[in-house]
Structure formats: structure tokens, C-alpha cells
Amino acid sequence: MTTYVGVFLSAEKKKRAQVYAELYEFNERLLLNMKFNKYPVEQVAEGFKYVEKILQGGQVLQGGDNKTITDYFASLGTSDALSQIDYLNDRKAALSRLKDECFSDYKRYSSLYIKIFFMVGVLIAVLLV
């Protein structure tokens, strides 16, 4: 039972990693769209669970992460295509760094949380016997 607490605590780390991975992929697709297709942003966002939610005004992460995401989407469509391509290329490196950092945190902390709470469960079982 205590192992589920560890899984629950690591869920936010997993969600953060998934959001930034999806945002990075969306950025890549948007770059290709800006260069070749010129579809509306909503059409490019189809299939991205978190990006669609953000475009509808939803909030997927808390705190500084939310500000980062809000700033990213606030800048889309505010200038000409060449400026947008430059902006998206600049954000590509930052999103890649955030994505890698989030996956590293998820891998490190999720296994740590699960192991700690598993050990707490074992300790409780030993104390009850």
C-alpha cells in the first residue's frame, strides 16, 4: 500500500516530463509547418493532449512551469513568419534542455520515492509483527 504513495508522488514528475516532451515535439512540428504548410496552430496541435488543453485556456503545470508555457504560447502568431521561425528555433534549445532535465528528474525521483515508501511499508510490517 505504501508503494502506491511513492507512485502517486512521482506522478507529477512524470506529467511534467510528458508535458515538456510534447511541447518540444509540438515546437518541431510548428517549425516545419511555418516553413512549408502554413496550417493554423490549432490544426498543428491536433493529437497533442496537453497542447490542445493549453490552447483552450487550460493549465497543465503549476508555478514557474506554467509561466514558461504561457509565455511560449503568448508569443505565437504575434509577428511575421520569419520572426516566428527565429523564435521557435530559439525556444527549441530551451525546450530540449527542459525536456531532458524533466526526464532526468523523473527517473531519479520516481524510483527513489517508490523505494523509500516500499521500505516504509516493510518497516511497518516488521514493527507490527
- Message: Can you confirm whether Leu98 sits close enough to Thr68 that some side-chain heavy atom of one is under 4.5 Å from a side-chain heavy atom of the other?
- Response: yes
- Task: Just do the side-chain contact (heavy atoms from CB on, under 4.5 Å) check on Leu30 and Leu76 with the steps written out, would you?
- Result: CA-CA 10 Å; Leu30 198 55; Leu76 295 182; 3.8 Å; yes
- Lys14, NZ atom: more than 12 neighbouring heavy atoms under 6.0 Å: no
- Message: Please check: side-chain N/O of Asn27 versus main-chain N/O of Leu88, any donor-acceptor pairing under 3.5 Å?
- Response: yes
- Side-chain donor/acceptor of Glu22 to backbone N/O of Lys49, under 3.5 Å: yes
- Item | Among Val44, Ile54, Leu31, side chain to side chain contact (heavy atoms under 4.5 Å, CB included) partner for Phe26 | Val44
- Say you draw a straight line from CG of Asp105 to CG of Asp100; how long is it, rounded to the nearest 0.5 Å? 11.0 Å
- Message: Check whether Gln84 reaches the backbone of Ser75 with its side chain - one donor and one acceptor, N or O, closer than 3.5 Å.
- Response: yes
- Query: Taking atom OG1 of Thr70 and atom CG of Leu61, what is their separation to the nearest 0.5 Å?
  - Reply: 10.0 Å
- Note on the structure: Paired with Val120, the side chain to side chain contact (heavy atoms under 4.5 Å, CB included) test is passed by just one of Ile124, Val122, Leu123, namely Ile124
- Smallest separation among heavy atoms of Val60 and Lys53, with atom names: CG1-CD, 3.7 Å
- Message: Would the distance check show the side chain of Asn89 and the main-chain N or O of Ile85 forming a donor-acceptor pair, the cut-off being under 3.5 Å?
- Response: yes
- Message: Contact between Phe73 and Val51 at the side-chain level, heavy atoms closer than 4.5 Å - yes or no?
- Response: yes
- What distance do Asn66 atom CG and Gln59 atom CD have between them, rounded to the nearest 0.5 Å? 4.0 Å
